Student: 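So that we are looking at the same thing, I have put the structure below in structure tokens.
Just so we're on the same page: letters track the sequence lines, and every chain starts at 1. Computation of the quantities below employed the complete heavy-atom set of this structure, encompassing side-chain atoms and omitting hydrogens, waters and symmetry-equivalent molecules. Please read all numbers here as calculations on a predicted model, not as lab measurements.
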Amino acid sequence: MERYDFKVIEEKWQKYWSQENMFRVSEEPGKPKYYNLEMFPYPSGNLHMGHVRNYAIGDVVARFKSMSGYNVLHPMGWDAFGLPAENAALHNGIHPAVWTHANIDNMRRQLKTMGITYDWDREVATCKPDYYKFTQWMFLKLYENNLAYKKKAAVNWCPGCQTVLANEQVVEGACERCESSVEKKQLEQWFFKITDYAQRLLDDLEKLPGWPEKVKIMQKNWIGRSEGCQFSLAIEGSEETLTVYTTRPDTVFGVTYMVLAPEHPLVETLAAGKPQEHEIKDFVKRMKGTSDIARTATDVEKEGIFTGAYAINPMNGERVPIWIANYVLLEYGTGAIMAVPAHDQRDFEFARKYDIPIRVVIKSEDSPAEASTMTEAYTGDGCLINSASFDGLSVNDGKKKVNEYMKANGIGEATINFRLRDWLISRQRYWGAPIPIVYCPDCGMVTVPEKDLPVLLPEDVEFKPSGESPLNYVESFYSTTCPCCGGPARRETDTMDTFVCSSWYFDRYCSPKVADTPFNREAADYWMPVDQYIGGVEHAILHLMYARFFTKFLYDINMLSCEEPFTNLLTQGMVLKDGSKMSKSKGNVVSPEDIINTYGADTARLFILFASPPERDLEWSDQGVEGAYRFLNRVWRQVLEYSDKIKGGDIPKDYGNLSSEARAMRYKTHYTIKKVSEDIEERFNFNTAISAIMELSNTLNGFKNFASDNLPVVKEVVETMLILLSPFSPHICEELWQACGYNQSIYLTPWPVYEQEALKQDEVEIVLQISGKVRDRLTVPADASEEALREIALNSEKIRELTKYKNIVKIIIVPGKLVNVVTK
RNA sequence: GCGGGUGUGGCGGAAUGGCAGACGCGCUUGACUUAGGAUCAAGUACCGAGAGGUGUGGAGGUUCAAGUCCUCUCACCCGCACCA
């Protein structure tokens, strides 16, 4: 018998699939479509195990859906702009474009050895002009619709990457990428107004039943909607008013001080001429110099200073001191708050520290209405006290009534606030899509006309860590003419955040070659939305939120018919080695290329899918890989043992008059079809699907002695086993399928449907329990009635013996499963 | 602090409220072999000689029956983290 030579086999079939254009698809209106997408990789140079896992999972789904009769779109591409390419240029003197394309070539080669069903004709790379042309087009459309704007803002500056970061890219005060401590910098930056979509991004989460609850909750928290009220207070001895936002208008009678963020514009005005002006300035200066983490972490002690100014509480005319404190953020709400120490823990701590009065205005059974004995703020429900005419109302009614009162008296009104901030997209780097804007001394800020896109990245660029875009030093790039007046003008030299590029790539896949529009409407209408999206949970907020925003925007400008891009989302777990994430620094990296060279792609795929369900983390095990390899070898020998005998069409599909062994074999076969189909389709439990196939192989092995008398049954088992295994380990299955006499690819074979008839059993084993403890097992007719089961149970020797001295209280019968005799 | 998740043999992991540990790894024994790190066969949660008993992080509870449902609690992991 030939040995299992995976190298030869895998190359052979990859070549065959490619020559036959097996995975090339086009719109077929009559066929149900299925858009199956895995997150495209950043071309770092080498495939890692996380990719292998991601793409192996995706390929099982794609192959299964295709064999089940769907027209499956399964594309692949490259998230090819980004910092590492530029860092490579900085450190090794390789041009980012050269570095990136070499990496893409290598990773494409590696990916192809995995035998995945990609339609490579649709490959995209975001760094290519024919792609980023349309990333720029997206910018123009957003700009036209007032969703792109420039403003000076305190932004997150990463000294390591020498660029600004989006809020989302700052993790615990540090750069998500290089872990440098992020600094605050005032810069003119471009933003996308994602906040305009906050409510819809929140509401439509409910239209996504196919998303993990966890991801939806994370997005919900990130959007952070809160309902409250905004109102203004007069400032004593000043024309200025102070506006605050609160979610607790019901506690407005408990206000004992006000707080401004240190950066609040009123600070300077209020401090001017006050005796403590100097101290205030020092304090503000110190706060501005403190990094975000140092200032906003929960465990940082609250700090503040009195401005010397007073505001007038419009509800009761009281004079309340205005403070400045580190715990109030300029960016949220109005950058100023009313402080109610009795009912807000932060205000409580601050008030205690600075001896500011505390006044209780909510009373309930479990809160002492006594400020002096309070040990923490009371934030629960209760009824209003010390609140003039509002006394006696519940917290909820209090909120409503105070809102109404403020509205009626022109003091303020109910408002909704979001935690979500606008998306900062400017990057002071070279390797990104240039922002298509021109600054003209006469016409001001002008957009590049659509017909002039793309604004090409110049090739001849010098890379140095200057904190400015290298494009700033390329005269041929920045010096241009104004599209309006034709006079000399200067280009914007910032490029776009790479998340912009990845916010619409799934649309591009629908018609990747069109040149006059980002994607063809009919193609997008056919394929979109993505039916199944698969990728790492680390993108739960960033990429997935931005992609949703873009999709809604494209829907609004009538480019797309769907409002949500991804109907179903599967977030896969990490690949671990020795309990921790594979990383160079830990030295626990297992190279996919090595594994594929040693065991083959079929083994690598099988192991990674078998070792753990997709959503969970996966512990890499070299011995586990051996096990998967052994199993494939076993299938190889097992199939070849029978292939000659079952080849050809002369074996009838005749399953009448079978022995009980043969019937059991058929039962197992059809049970496995059912199990594997359901495990793939309904639950993505590939590990249990594979174990079911292993069981089928084991059962076939035990059937050995009956095989020659039951060739129709053997043929059925062998062929079924190959089809069921083919989404997991496709190459070996193709080879064996051919050995079984088929000329057509197994990929084109319809997915089997289990026969109800074969799943009927004559006899089943049931369990006999006494008071819930298993005491015996019996084989009984599968259709035994409750009555019959009761008889059988009570007459069983074991039960009679064990219940001899006991009273039988009742008998629970679960037909086909068990009989439980309850005694006293 | 808030939100979410996970805890099951030596290991990865299975179990619509109905036989805990499927399947695989590892290990033990045997067979075939000059040999075995190949292959095949048998075994493998724990205690116990056995009958039997005990077991799903811990403590309670519901139920004829709990890994699964409820209450409390512990450990680890992830996300958010002064958002007024």
Student: Say you pick atom P in B/rC11 and the same atom in B/rG30; how far apart are they, in whole Å?
Tutor: 27 Å
Student: With heavy atoms under 4.0 Å as the rule, sort A/N698 into base, sugar-phosphate or nothing.
Tutor: sugar-phosphate
Student: Would you say the side chain of A/Y332 lies within less than 4.5 Å of the side chain of A/S226, judging by non-hydrogen atoms?
Tutor: yes
Student: Tell me which nucleotide, if any, is Watson-Crick or G-U wobble paired with B/rG1 when both distances must be under 3.5 Å.
Tutor: B/rC80
Student: Can you confirm whether A/L618 sits close enough to A/I608 that some side-chain heavy atom of one is under 4.5 Å from a side-chain heavy atom of the other?
Tutor: yes
Student: Could you identify the nucleotide paired to B/rA41, looking across every strand shown and requiring Watson-Crick or G-U wobble geometry with both distances under 3.5 Å?
Tutor: B/rU29
Student: Should A/R637 be listed as having a side-chain N or O under 4.0 Å from OP1 or OP2 of B/rA38?
Tutor: no
Student: Ring centres under 6.0 Å, that's the criterion: do A/F350 and A/Y257 meet it?
Tutor: yes
Student: Expressed as a whole number of Å, how far does the C1' atom of B/rU28 sit from that of B/rG9?
Tutor: 16 Å
Student: Roughly how many Å apart are B/rC80 and B/rU16, using the C1' atom of each and rounding to a whole number?
Tutor: 35 Å
Student: So which nucleotide from B/rG79, B/rC40, B/rA84 ends up closest to the side chain of A/R634?
Tutor: B/rC40
Student: Do A/Q219 and A/R548 have a side chain donor and acceptor closer than 3.5 Å?
Tutor: yes
Student: Would you say the ring centers of A/W423 and A/Y546 fall short of 6.0 Å from each other?
Tutor: yes
Student: Would you indicate which nucleotide in B/rG3, B/rA22, B/rA38 comes nearest to any side-chain atom of A/R630?
Tutor: B/rA38
Student: Could you tell me whether A/G627 contacts a base, only the sugar-phosphate backbone, or nothing, with contacts defined as non-hydrogen atoms closer than 4.0 Å?
Tutor: sugar-phosphate
Student: Check the orientation of A/Y629 and A/Y4. Use parallel for under 30°, tilted for 30 to 60°, and perpendicular for over 60°.
Tutor: tilted
Student: Taking only the P atom of each, what is the distance from B/rA20 to B/rC74 in whole angstrom?
Tutor: 31 Å
Student: What does A/R775 touch in the nucleic acid at a heavy-atom separation under 4.0 angstrom: a base, only the sugar-phosphate, or nothing?
Tutor: sugar-phosphate
Student: Please work out whether B/rG53 sits syn or anti, treating a glycosidic angle within 90° of 0 as syn.
Tutor: anti
Student: One character per nucleotide, please: for nucleotides 5-18 of chain B, 5' to 3', B when the base has a protein heavy atom closer than 4.0 Å, S when only the sugar-phosphate does, - otherwise.
Tutor: -------BSSSB-B
Student: Return no unless some side-chain N or O of A/K773 is found under 4.0 Å from OP1 or OP2 of B/rA20.
Tutor: no
Student: With rounding to the closest Å, how many angstrom separate the C1' atoms on B/rA38 and B/rA49?
Tutor: 39 Å
Student: Could you tell me whether the phosphate oxygens of B/rA38, OP1 or OP2, come under 4.0 Å of any side-chain nitrogen or oxygen in A/R3?
Tutor: no
Student: Which part of the nucleic acid, if any, lies within reach of A/N701 when heavy atoms closer than 4.0 Å are counted: base, sugar-phosphate only, or nothing?
Tutor: sugar-phosphate
Student: Is A/S226 touching bases, backbone alone, or none of the nucleic acid, heavy atoms closer than 4.0 Å?
Tutor: sugar-phosphate
Student: Hey, does A/V767 reach any base, or is it just sugar-phosphate, or nothing, if we go heavy atoms under 4.0 Å?
Tutor: base
Student: With nearest nucleotides of RNA chain B determined for A/M218 and A/G333 from heavy-atom distances, which residue corresponds to the more 5′ nucleotide?
Tutor: A/M218
Student: Measuring only between side-chain heavy atoms, which start at C-beta, is A/Y245 closer than 4.5 Å to A/C229?
Tutor: no
Student: On RNA chain B, check which nucleotide each of A/V822 and A/M694 is closest to and give me the residue with the more 5' one.
Tutor: A/M694
Student: Considering Watson-Crick and G-U wobble pairs with both distances under 3.5 Å, what does B/rC72 pair with?
Tutor: B/rG58
Student: Using the C1' atom on both, measure B/rC32 against B/rU39 and round to a whole Å.
Tutor: 8 Å
Student: May I ask you to check whether A/F703 and A/F706 place their ring centers less than 6.0 Å from one another?
Tutor: yes
Student: Taking side chain as C-beta onward, heavy atoms only, is A/Q345 less than 4.5 Å from A/E376?
Tutor: yes
Student: Starting at CD of A/Q345 and ending at C1' of B/rG1, how long is that distance when rounded to a whole Å?
Tutor: 10 Å
